[in-house]
Q: 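Sharing a structure here in structure tokens format.
Both counts, for ligands and for their atoms, begin at 1 and track the order of listing.
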Amino acid sequence: MKSKKIQIEYKHFTKDDELPKHISEIIEKSKEAVQNAYAPYSKFKVGAAVRLESGKIVLGNNQENIAYPSGICAERVALFSAGALYPTEKVIQLAIASEGDLIDEKALLSPCGACRQVMAEVITRQGCSFELIILNPDNSVLLFSKAEDLMPLLFGHE
Ligand code: THU
């Protein structure tokens with residue numbers, strides 16, 4: 001038996017740090033996407049913006065349902081929409097933003113397990129990773145240069 005450790009690396013930008021332009025741009029798009037969220041039950045609106053290799057941006061947002069499990073998160077709406085509209089284009093960035101009191105001001109807006117699984121499938125399908133950018137409720141930004149850094153020991157992965 002061996003004890004093993006997994007380390008992940010990510011960047012944390014606070015309000016005093018200047019964001020690179022390609023990061024601030026996609027964050028603005030994810031904030032735009034928040035506005036069309038349909039979240040009457042949780043009152044927590046989430047927006048996601050996907051940037052494809054051609055530069056096209058595809059937006060998504062959470063879409064809730066009175067039968068709760070039938071609703072779907074913003075990340076999956078954006079990624080499935082990108083897959084449906086532009087199946088041959090690679091995803092190079094995914095950014096998420098939110099609005100609402102469901103999570104604490106100091107908490108992370110961290111993608112749920114199902115969305116991580118869908119992100120993993122996108123990476124497998126396109127044969128390369130993408131940047132994951134999270135705008136937290138306190139306006140700090142997390143940048144994972146490879147989205148899979150957020151999901152070690154995934155089913156079916158080496
Ligand atoms: N939600 C997302 O859309 N993305 C996340 O990363 C976390 C949670 C949605 C699901 C549900 O509509 C609402 O936020 C409250 O959980």
Q: For atom 14 (O) of ligand 1, find the nearest protein heavy atom and state the residue, atom name and distance (0.1 Å precision).
A: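 In this structure, atom 14 (O) of ligand 1 has Asn62 ND2, 3.4 Å as its nearest protein heavy atom.
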Q: For Cys73, take its heavy atoms, then give the atoms of ligand 1 lying under 4.0 Å from any of them.
A: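 This gives 1 (N), 2 (C), 3 (O), 4 (N), 10 (C) as the contact atoms.
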Q: Take Arg51 and Glu25 through the test salt bridge (charged side-chain N to carboxylate O under 4.0 Å, His left out) and record every step on the way to the result.
A: CA-CA 10 Å; Arg51 194 198 299 265; Glu25 270 172 12; 3.3 Å; yes
Q: If the cut-off is 4.0 Å to any non-hydrogen atom of Ala74, which atoms of ligand 1 fall inside it?
A: 2 (C), 3 (O)
Q: Hey, are the side chains of Tyr38 and Asn62 touching, using non-hydrogen atoms and a 4.5 Å cut-off?
A: no
Q: Contact between Leu52 and Ile92 at the side-chain level, heavy atoms closer than 4.5 Å - yes or no?
A: no
Q: What atoms in ligand 1 come closer than 4.0 Å to a heavy atom of Ser42?
A: 13 (C), 15 (C)
Q: What pairs with Ala48 under side-chain contact (heavy atoms from CB on, under 4.5 Å), at least two apart in sequence or on another chain?
A: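 Result, side-chain contact (heavy atoms from CB on, under 4.5 Å) vs Ala48: Ala74, Ala78, Leu94, Ile96.
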Q: Atom 11 (C) of ligand 1: protein heavy atom closer than 4.0 Å?
A: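 Flag for atom 11 (C) of ligand 1 set to true, protein heavy atom closer than 4.0 Å.
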Q: Do Leu109 and Leu135 come within less than 4.5 Å of each other through their side chains, counting heavy atoms only?
A: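 A side-chain contact under 4.5 Å is absent here.
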Q: Using a 4.0 Å cut-off to any heavy atom of Leu102, which atoms of ligand 1 qualify?
A: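 In order of numbering, the contacting atoms are 15 (C), 16 (O).
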Q: Glu64 heavy atoms, cut-off 4.0 Å: which ligand 1 atoms fall inside?
A: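 What qualifies from ligand 1 is 11 (C), 12 (O), 13 (C).
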Q: Check this for me: Tyr41, atom OH, are more than 12 non-hydrogen atoms of other residues, nucleotides or ligands nearer than 6.0 Å?
A: yes
Q: If you count the atoms of ligand 1 from 1 in the order shown, which ones are under 4.0 Å from a heavy atom of Glu75?
A: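 So the atoms of ligand 1 that pass are 2 (C), 3 (O), 4 (N), 5 (C), 6 (O).
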Q: Can the positive tip of Lys56 be found less than 6.0 Å from the middle of the six-membered ring of Tyr86, inside 45° of the ring normal?
A: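 Lys56 over Tyr86 ring: yes.
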Q: Please state which part of Asn61 comes within less than 4.0 Å of ligand 1, counting heavy atoms only: side chain, backbone, both or neither.
A: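 Neither part.
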Q: Output the list of atoms in ligand 1 that are nearer than 4.0 Å to some heavy atom of Pro111, sorted by atom number.
A: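 Counting atoms of ligand 1 from 1, those under 4.0 Å from Pro111 are 6 (O).
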